[in-house]
Structures are given as structure tokens and as C-alpha cells.
J.: 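Dropping a structure here in C-alpha cells format, bear with me for questions.
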Amino acid sequence: MKISSVLGDFKVIQTIKNRDELLVLGSWKNLVRIFDSSRTFLVNKNESLFGIYLCKQECAEFMNKIIQDIDYHEWEDFKIDKPIFNNQIQA
């Protein structure tokens, strides 16, 4: 999953070896802004790509932080053309 936010650009990948472990990829600057630098490691030198392994709970907290930092002022021109639940009955 690719994520672009005010905190940076990240890619989250579920590891094959351990389904409870996720790999978050990003630039050094973006990763150490959120995580401890001692946990961050080099993935691809040519692309300046770094990674960090997270358990699912840590990743949920990471995603929560990204969601909390959304700048909703950019949504001034955001409009929904058609309501999704237009003809559905609510119980």
C-alpha cells in the first residue's frame, strides 16, 4: 500500500516470512521523523530507500498518526457528486 501524507511518502508491505510483521519503506528523513533511527535500515542505496519492520499494532498506530495529521483545509473544493446511500433504507 502506498501512502502519501504531510509526514512523507511511505510504502507498507506485509512480509511473507511473518504475516504479523509489516515492512514500511520510505526516505531516511521521513522514517526517522516518526520512528527510532536505530531501527531504520538501508534497503536500496541508489534510490535512498530505507525500511523499518513493524508489528501490526505499531503499524496501526503509525496509520492513526498519519490520519490525525491530515490537513482538512485542502478539502475545501472536495464535493461528492452523488450520495452513496441515496436509495438504501437504514435500520
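Just so you know, residue 1 is the first one in the sequence shown, and it goes up from there.
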J.: What's the spacing between Leu25 CG and Leu49 CG if we round to 0.5 Å?
T.: 5.0 Å
J.: What distance do Lys56 atom NZ and Arg19 atom CZ have between them, rounded to the nearest 0.5 Å?
T.: 8.5 Å
J.: Any chance you could measure Cys59, atom SG, to Asp20, atom CG, to the nearest 0.5 Å?
T.: 12.0 Å
J.: Any pair with a residue in residues 9-18 that passes side-chain hydrogen bond (donor to acceptor under 3.5 Å, both in side chains), sequence neighbours left out, goes on the list, sorted by first then second residue, please.
T.: Ser4-Asp9
J.: With sequence neighbours excluded, give me every side-chain hydrogen bond (donor to acceptor under 3.5 Å, both in side chains) pair touching residues 35-54.
T.: Asp36-Ser38, Arg39-Glu58
J.: Would a hydrophobic clustering, with Ile, Leu, Val, Met, Phe, Trp and Tyr connected at side-chain separations under 4.5 Å, put Val12 with Val32?
T.: yes
J.: Any non-hydrogen side-chain atom of Phe62 less than 4.5 Å from a side-chain atom of Val24?
T.: yes
J.: State, with a plain yes or no, whether a side-chain heavy atom of Met63 is found less than 4.5 Å away from one of Gln68.
T.: no
J.: Treat each ILVMFWY residue as a node, draw an edge where side-chain heavy atoms are under 4.5 Å apart, and state whether Ile66 and Leu23 are in one component.
T.: no
J.: Is any side-chain heavy atom of Asn30 less than 4.5 Å from a side-chain heavy atom of Phe50?
T.: no
J.: Considering only heavy atoms from C-beta outward, does the side chain of Arg33 approach that of Lys29 to under 4.5 Å?
T.: yes
J.: Would a single hydrophobic cluster contain both Phe35 and Val43, if residues Ile, Leu, Val, Met, Phe, Trp and Tyr are joined by side-chain heavy-atom contacts under 4.5 Å?
T.: no
J.: Do Met1 and Leu22 belong together in a cluster built from hydrophobic side chains that touch within less than 4.5 Å?
T.: yes
J.: Any link between Leu54 and Ile13 through a network of hydrophobic side chains (Ile, Leu, Val, Met, Phe, Trp, Tyr) touching at under 4.5 Å?
T.: no
J.: Take atom CG in Leu42; do more than 12 heavy atoms of anything else shown fall under 6.0 Å from it?
T.: yes
